[in-house]
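In what follows, every chain begins at residue 1, and chains take the letters A, B, ... in the order their sequences are listed. Remember, predicted model here, so these are calculated numbers, not experimental data.
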Number of protein chains: 2
Amino acid sequence: MTAAYPTGTFPATFIGGAAGLWRIDRSTAIAGGEPLPRAERLEVREGIAPTSGGVWRLAGVAGHTRYVGRAEKTALDAASPPLGRPEATMAALIPIRKSPAWWAMPQDERRAIFEARSHHIADSMKFLPRIARRLYHARDLGQPFDFLTWFEFAPEHAGAFDELVAMLRAREEWTYVERELDIRLTR
Amino acid sequence: MTAAYPTGTFPATFIGGAAGLWRIDRSTAIAGGEPLPRAERLEVREGIAPTSGGVWRLAGVAGHTRYVGRAEKTALDAASPPLGRPEATMAALIPIRKSPAWWAMPQDERRAIFEARSHHIADSMKFLPRIARRLYHARDLGQPFDFLTWFEFAPEHAGAFDELVAMLRAREEWTYVERELDIRLTR
């Protein structure tokens, strides 16, 4: 199947191995099973790489918003920094899988848990523009995770990043997370 | 990348070629460019087949709802017939790609066009339980279409199916469809 991704989508492959811009400082299984096999470095490759020389490989596609409405998008777009800022020498890759109960819910109920009850967007906004973020969707790719979220920040904001993930993990939305990894990186 | 699709997802590959349960009666490019190369038959294969002996190949993954709310889901689930009914000897495969303008909109604006202004769910409901349907998502797979919709119906409901597609094509939602094929089949 020749993959030709349309404008507005951002396919990427995260390859853990001996090479890559990012050094893997630690890799933790937060919920649901095994961590990934140990690797020294991470390469972020544009496109979906079907094979690689790495120890592990995760892929996803960033694209259109799934829950964000117009007012939220306007606020997010204005406050969100780009990836690749020179001062953002730290990163995190957080793969998660949500439960069958989450995916069985219709759109309105998932949105209600996500925002009305867990304030995912509103409360994450407070961490902008310190933390840059891109959400990759992986469920339709038959990957072991539904989402891979990539974050970049300066060392002085590492504490704020910890606060952000602790906040999200304490909310109702996270009761539907059945597998989660937390991979921290430095370049 | 070993694909392991979770429960609740239905990956499928549609293969046009010399083999398969379905005879291709006609294949029309409704909008935006070329039809698919001519093929006699269609095989619907479970899973994402990376290669095949076919003339053409389209793949997608059915799964969770993207716009449907709880009340709509309850009504749809009650009225929707299963695939594979013995009397449903006719089928249609309708691949579509929506425009960059569609995908650039946030969720609430897409939903408003889809249902509040185009009545996609409410008006399609009138055609149940005559027409069985499964929606495959293909955008995240780097496919040339965003959606592949598969329909099955008895010959006596072929007229109703034509009415359904004509109705959808006349609505505001369809102004965002930039490529569409219409493949009709019999078994």
Side-chain angles (χ1 to χ4, degrees), chain A residues 1-11 13 47-52 56-74 76-77 97-112 114-115 136-146 178-179, chain B residues 1-11 13 47-52 56-74 76-77 97-112 114-115 136-146 178-179:
Chain A
M1 204 94 47
T2 310
Y5 281 88
T7 307
T9 63
F10 303 90
T13 308
I48 306 297
T51 59
S52 80
W56 55 259
R57 192 168 71 250
L58 295 171
V61 182
H64 64 286
T65 62
R66 266 65 162 188
Y67 298 107
V68 169
R70 171 59 69 190
E72 292 156 347
K73 185 173 193 305
T74 301
L76 282 168
D77 288 351
R97 162 140 286 169
K98 284 181 172 170
S99 68
W102 174 264
W103 293 112
M105 282 189 283
Q107 177 71 21
D108 54 350
E109 292 182 5
R110 278 183 275 110
R111 160 80 199 187
F114 179 83
E115 191 57 22
Y136 295 88
H137 295 264
R139 187 171 174 81
D140 281 356
L141 275 57
Q143 290 275 294
F145 296 94
D146 297 327
E178 63 174 32
R179 190 173 175 202
Chain B
M1 204 95 46
T2 310
Y5 281 89
T7 306
T9 62
F10 303 90
T13 309
I48 306 296
T51 59
S52 80
W56 55 259
R57 192 168 71 248
L58 295 171
V61 181
H64 65 286
T65 63
R66 266 64 163 188
Y67 298 107
V68 170
R70 171 57 69 190
E72 292 156 346
K73 186 172 191 304
T74 301
L76 282 169
D77 288 351
R97 162 139 286 168
K98 284 180 171 171
S99 67
W102 173 265
W103 294 111
M105 282 188 284
Q107 177 73 18
D108 56 349
E109 292 183 4
R110 278 183 276 109
R111 160 79 199 189
F114 179 83
E115 191 57 22
Y136 296 88
H137 294 265
R139 187 171 175 82
D140 281 357
L141 274 56
Q143 290 275 294
F145 296 94
D146 297 327
E178 63 174 32
R179 190 174 176 202

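- Interface summary for chain A: among R97(B), M105(B), H137(B), the most heavy-atom pairs under 4.5 angstrom belong to R97(B).
- For the pair Y5(B) (side chain) and D140(A) (backbone), a donor-acceptor distance under 3.5 Å is present.
- Put simply, the side chain of D108(A) gets close to the backbone of R70(B): a donor and an acceptor are under 3.5 Å apart.
- Looking only at side-chain heavy atoms (C-beta outward), P6(A) and R139(B) come within less than 4.5 Å of each other.
- Looking at A104(B), the atoms closer than 4.5 Å to chain A (heavy atoms on both sides) all sit in the backbone: N, CA, C or O.
- Between G69(B) and P106(A), the shortest heavy-atom distance links the atoms C-CB, 3.6 Å.
- Taking 4.5 Å as the limit, some side-chain heavy atom of T65(B) sits within range of a side-chain heavy atom of R110(A).
- Within the 4.5 Å cutoff, the side chain of Q107(B) has no heavy atoms near those of the Y67(A) side chain.
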